[in-house]
Protein chains: 2
Amino acid sequence: MIFTTKAEYGVRLLVELGRQPSDSPVSLKAIAENEGLPLAYLERIVALLKRAELVESTRGAHGGYRLARDPENVTMDEVVLALEGSVAPMSCFVDETDDGRVLCSHVDDGEACATKFLWLRVQGGVIEALRRTTLAELVAFSAKQDVAKTPLPLGDALPLHSNA
Amino acid sequence: MIFTTKAEYGVRLLVELGRQPSDSPVSLKAIAENEGLPLAYLERIVALLKRAELVESTRGAHGGYRLARDPENVTMDEVVLALEGSVAPMSCFVDETDDGRVLCSHVDDGEACATKFLWLRVQGGVIEALRRTTLAELVAFSAKQDVAKTPLPLGDALPLHSNA
DNA sequence: GCTTCTCCTACCAAATTGGTAGGATTAAGC
DNA sequence: GCTTAATCCTACCAATTTGGTAGGAGAAGC
């Protein structure tokens with residue numbers, strides 16, 4: 001498994017926020033019900049997105065979360081990095097420099113193992129796929145799916161799928 | 001984490017076999033010592049490679065394992081598939097058709113969720129990176145590393161790194 | 001018949017994951 | 001100023017996965 005439910009739920013959450021017509025805050029409770037996800041768990045996940053400054057929050061009654069940026073400017077590599085901590089193909093990859101790209105701890109003196117060569121290539125593939133996908137694209141995709149299924153009353157978001 | 005140590009150790013094992021000048025069988029014990037890996041665990045891993053017909057074995061004294069094919073014709077997507085079972089980006093991806101590519105179980109009636117769209121893209125990136133890497137390439141890489149470090153007596157394989 | 005191998009299966013400890021519980025704190029609306 | 005609806009924060013917990021060990025049983029060379 002590459003990603004955990006943190007990434008799954010976190011991305012769903014962002015897509016829900018992106019689907020919102022205005023940018024008035026949306027409560028987690030509403031999102032949890034919409035997506036059929038456990039509220040308490042979502043709270044911990046959204047905290048990761050907030051720390052990464054991908055969402056903003058308003059506390060108190062009628063509060064909630066909204067996107068901190070335009071969906072066009074949010075790429076999935078940032079998102080997954082915020083949610084999962086890093087994109088490491090292998091346990092020998094230890095957090096090192098910059099944006100989720102991590103280096104192998106096996107050999108430090110310039111030498112490299114053959115497996116590192118392979119995992120770096122894989123990691124590159126993952127990060128590139130993430131980087132070229134924007135939140136806006138996912139929002140558009142999910143909107144299209146809705147239209148294809150049922151003409152919805154405007155602003156009424158139905159759950160994309162219900163596990164419950 | 002994308003892959004577990006099964007992939008790591010399994011690939012190392014194959015590289016070791018590929019480094020062998022002749023194709024007389026090599027015992028797991030030798031490989032375990034060379035790479036500093038636990039023998040009993042390696043036994044279980046090599047069983048996966050054998051089931052996938054990537055290695056062949058000879059039992060009994062002076063037995064061991066050898067590659068079943070030319071390293072040029074062994075691509076890493078087969079290898080990782082054999083070792084890890086599948087390359088699923090997310091738990092909702094359930095084993096389905098063909099070569100490790102799996103489909104989302106969330107929605108079955110033609111509809112799709114936005115996250116599935118994303119994970120499919122990521123999965124594609126991983127599989128493509130694996131598919132374009134051959135065992136021969138990794139063997140060549142590891143040989144080059146050796147030369148760069150110390151001129152070795154021929155046929156004497158030093159450990160690439162020692163954890164022990 | 002010893003030794004050196006592959007092979008097989010059951011067990012096990014540690015870590016991770018996915019989730020719950022319980023409560024502060026903050027702000028809107030009356 | 002009370003109530004209510006929210007974000008925030010932290011500790012706990014059960015299930016699963018992971019990485020590995022143990023203990024053998026068969027095969028083949030010497």
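Computed over heavy atoms, backbone and side chain alike; hydrogens, waters and symmetry mates excluded. Every chain is numbered from 1, with letters handed out A, B, ... down the list of sequences. Quantities reported herein were computed from a predicted structural model and do not represent experimental measurements.
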**Distance test, side-chain N/O of A/Ser57 to OP1/OP2 of D/dC8, below 4.0 Å** = yes
**Asked** Counting only heavy atoms not in A/Glu72, do more than 12 fall under 6.0 Å of its CD?
**Response** yes
**Message:** Can you tell me if A/Lys6 touches the phosphate of C/dG18, counting only side-chain N or O atoms and a distance under 4.0 Å to OP1 or OP2?
**Reply:** no
**Message:** Strictly below 4.0 Å: does B/Thr5 bring a side-chain N or O up to OP1 or OP2 of D/dG19?
**Reply:** yes
**Request:** Evaluate the criterion side-chain contact (heavy atoms from CB on, under 4.5 Å) for residue pair A/Arg69 and A/Glu78; output intermediate values, then yes/no.
**Result:** CA-CA 12 Å; A/Arg69 268 190 266 158; A/Glu78 298 178 85; 2.7 Å; yes
**Request:** Could you tell me whether the phosphate oxygens of C/dC7, OP1 or OP2, come under 4.0 Å of any side-chain nitrogen or oxygen in B/Tyr65?
**Result:** yes
**Asked** Between D/dG19 and B/Thr4, is there an OP1 or OP2 to side-chain N/O distance shorter than 4.0 Å?
**Response** yes
**Request:** Verify whether one side chain among A/Thr75 and A/Arg132 offers a donor that lies under 3.5 Å from an acceptor in the other.
**Result:** no
**Asked** Does B/Arg44 make a side-chain donor-acceptor contact with the base of C/dT9, cut-off 3.5 Å?
**Response** no
**Prompt:** Of all the choices, C/dT6, D/dT7, D/dA6, which nucleotide is nearest to the side chain of B/Arg59 once you look at every atom?
**Reply:** C/dT6
**Request:** May I ask you to verify if any side-chain N or O of B/Tyr9 is less than 4.0 angstrom from the OP1 or OP2 atom of D/dG19?
**Result:** no
**Request:** Anything under 30° is parallel, anything over 60° is perpendicular, the rest tilted; go ahead and classify A/Tyr9 against A/Tyr41.
**Result:** perpendicular
